[in-house]
K.L.:
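Once you've had a glance at the structure underneath, I'll fire off some questions.
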Amino acid sequence: MSKKRSVSTALLDEPAKRAPFRDREMTWINSHAEELATHRGKWVVVEGAQILASDPAYQAARDEAVRAGVDCPLIFFVPDDKADGFMGL
């Protein structure tokens, strides 16, 4: 059992060797506020540098992303006005 601990500890101590999770999507979201404003009041799915789905119903937006082959879609709500947004995976 001590061997497993040393292996898992070593893995935790290693720096990540891949791009940060969803970095490309977050960069796109932060630089496309004007485009996202056209989706106010909807759940939006962003994959890479594009919008895959947009729908007032969360499940409908998610289903469309899954049909497009995305296993774990990045889905967030674009608020109608000054309300807070919400993001979920």
Side-chain angles (χ1 to χ4, degrees):
M1 185 172 242
S2 63
K3 196 171 194 178
K4 281 187 178 181
R5 282 189 188 161
S6 64
V7 170
S8 63
T9 303
L11 291 174
L12 292 174
D13 293 336
E14 276 188 36
K17 294 181 181 177
R18 61 184 176 131
F21 185 66
R22 296 294 190 187
D23 187 49
R24 185 173 179 205
E25 288 84 354
M26 296 308 294
T27 299
W28 188 90
I29 289 167
N30 287 327
S31 62
H32 288 82
E34 200 171 294
E35 184 174 347
L36 289 169
T38 65
H39 297 274
R40 286 189 175 133
K42 296 180 181 177
W43 291 94
V44 176
V45 178
V46 174
E47 183 67 23
Q50 67 177 344
I51 293 174
L52 278 187
S54 173
D55 197 282
Y58 172 89
Q59 193 63 50
R62 187 182 190 294
D63 289 347
E64 191 172 334
V66 170
R67 280 192 302 274
V70 180
D71 293 328
C72 184
L74 178 102
I75 306 170
F76 64 100
F77 186 76
V78 179
D80 284 326
D81 198 8
K82 294 182 181 180
D84 293 332
F86 174 83
M87 182 179 291
L89 292 177

K.L.:
For the residue pair Trp43 and Ala61, what are the closest heavy atoms and their distance?
P.N.:
O-CB, 3.8 Å

K.L.:
Which heavy atom of Gly48 sits nearest to which heavy atom of Glu25, and what is that distance?
P.N.:
N-OE2, 2.9 Å

K.L.:
Under 3.5 Å, side-chain donor or acceptor atoms of residues 33-42 against the rest of the protein: list the pairs with distances, not counting sequence neighbours.
P.N.:
unit_1: Thr38; atom_1: OG1; unit_2: Glu35; atom_2: O; d: 2.6
unit_1: His39; atom_1: ND1; unit_2: Ser54; atom_2: OG; d: 2.7

K.L.:
What residue pairs, at least two apart or across chains, pass salt bridge (charged side-chain N to carboxylate O under 4.0 Å, His left out) with a residue in residues 48-63?
P.N.:
none

K.L.:
Do any pairs count as a salt bridge (charged side-chain N to carboxylate O under 4.0 Å, His left out) and have a residue in residues 44-54, sequence neighbours left out, and if so which ones?
P.N.:
Arg22-Glu47

K.L.:
Name every donor-acceptor pair, under 3.5 Å, that has one atom in a side chain of residues 64-77 and the other anywhere in the protein, sequence neighbours excluded.
P.N.:
none

